[in-house]
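Let me begin by presenting the structure, written as structure tokens, before commenting on it.
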Amino acid sequence: MNFLSVAKMSPDDYVGFTFFVGCMAMMAASVFFFFSMNSFDKKWRTSILISGLITFIAAVHYLYMRDYWAAHTDSPTFFRYVDWVLTVPLMCVEFYLILKVAGAKKSLMWRLIFLSVIMLVTGYIGEAVDQSNAWLWGLLSGAAYFVIAYDIWLGSAKKLAVEAGGAVLQAHKALCWFVLVGWAIYPLGYMAGTPGWYSGMFGGLDMDVIYNIGDAINKIGFGLVVYNLAVQSSNK
Ligand SMILES: *C/C=C(C)/C=C/C=C(C)/C=C/C1=C(C)CCCC1(C)C
């Protein structure tokens, strides 16, 4: 692969277009988070830094994925999952950081990280290694996803958020919605791109377009929720 080679883009290559726009959006978001970081109270700076790292790591991977797609018209599955396995655990760290004020323990963070890695490794196996059993790997991945959603919505994380109250509780709720609705976009992409009883359900909509939309919503949205929390808490 030629890094940053300018491949010819066909006007009807809507998948390539979403890779291109996704890349720019991630870059812009990173600049925004990094530059705003120092205007906040010290205790929020790490959270904003991590918001920026999430979009920055994605921006670099999108640079490669965009090129990969342009060169091969094929899903950059490997780069996709490397990106996720770095950024999704960082999102788990965000949950921990905002709940730290209410006394969240590191064990909560490690639990969420562990579950997210299980979710992603099983997803990768289903997409890239053992496609004939994609439904089974998807199911295992979905189970880990379910436990994450349960933990933050109803489990120990929820309790801490309620104890913290105010802006922290609000931010926690917003992040919970991102996980429940925003993250649910990914299993749809998976079903659109792997063989199974569900094949054809998505009318040929491309897996990568679904993943790219999910990434833009979740990575930038997550960061903005944390940004908003920092703004609200720094105003007082
Ligand atoms: C920035 C990237 C994010 C937030 C990626 C999130 C990815 C998921 C929530 C993926 C979930 C999957 C399932 C629940 C089942 C099918 C396999 C996956 C990995 C697509």
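If you read the sequence from its start, that first residue is 1, and numbering goes on from there. Just follow the structure's listing: the first ligand is 1, and inside any ligand the first atom is 1.
Screening residues 86-127 for ring pair (Phe, Tyr, Trp, His ring centres under 6.0 Å), with sequence neighbours left out, gives Tyr81-Tyr124, Phe95-His172, Phe95-Phe222. Listed by first and then second residue, the salt bridge (charged side-chain N to carboxylate O under 4.0 Å, His left out) pairs involving residues 144-164 are Arg111-Asp151 (not counting sequence neighbours).
Annotation for ligand 1: atoms under 4.0 Å from non-hydrogen atoms of Asp215 are 1 (C), 2 (C). Proximity to Gly138 (heavy-atom distance under 4.0 Å) selects the following atoms of ligand 1: 15 (C). Close approach to Tyr190 involves these atoms of ligand 1, each under 4.0 Å from a residue heavy atom: 16 (C), 17 (C), 20 (C). Close contacts between ligand 1 and Lys219 involve ligand atoms 1 (C), 2 (C), 3 (C) [criterion: under 4.0 Å to a heavy atom]. Annotation for ligand 1: atoms under 4.0 Å from non-hydrogen atoms of Val88 are 2 (C), 3 (C), 4 (C), 5 (C), 6 (C). For ligand 1, the atoms sitting less than 4.0 Å from at least one non-hydrogen atom of Thr87 are 1 (C), numbered in the order shown with element in parentheses. Heavy-atom contacts of Met91 reach the following atoms of ligand 1: 4 (C) (cutoff under 4.0 Å). With ligand atoms numbered from 1 in the order given, ligand 1 contributes 14 (C) to contacts under 4.0 Å with heavy atoms of Pro187.
With 3.5 Å as the limit, one finds a donor-acceptor pair spanning the side chains of Asp215 and Tyr62. Under 3.5 Å, the side chains of Thr194 and Glu127 contain no donor-acceptor pair of N or O atoms. When only modelled atom types and interatomic distance are considered, Arg66 and Asn212 share no side-chain donor-acceptor pair under 3.5 Å.
Given atom 9 (C) of ligand 1, the protein heavy atom at minimum distance is Met119 CE, 3.4 Å. Protein heavy atom closest to atom 15 (C) of ligand 1, with residue, atom name and distance, is Ser141 OG, 3.3 Å.
Between Tyr186, Tyr81, Phe222, it is Tyr186 that holds the heavy atom closest to atom 10 (C) of ligand 1.
Under the 4.5 Å side-chain heavy-atom criterion for Ile, Leu, Val, Met, Phe, Trp and Tyr, Val147 and Trp177 are members of the same hydrophobic cluster.
Aromatic rings from Tyr227 and Phe32 are positioned such that their centres are separated by under 6.0 Å.
One N or O on the side chain of Ser199 and one on the backbone of Gly196 form a donor-acceptor pair closer than 3.5 Å.
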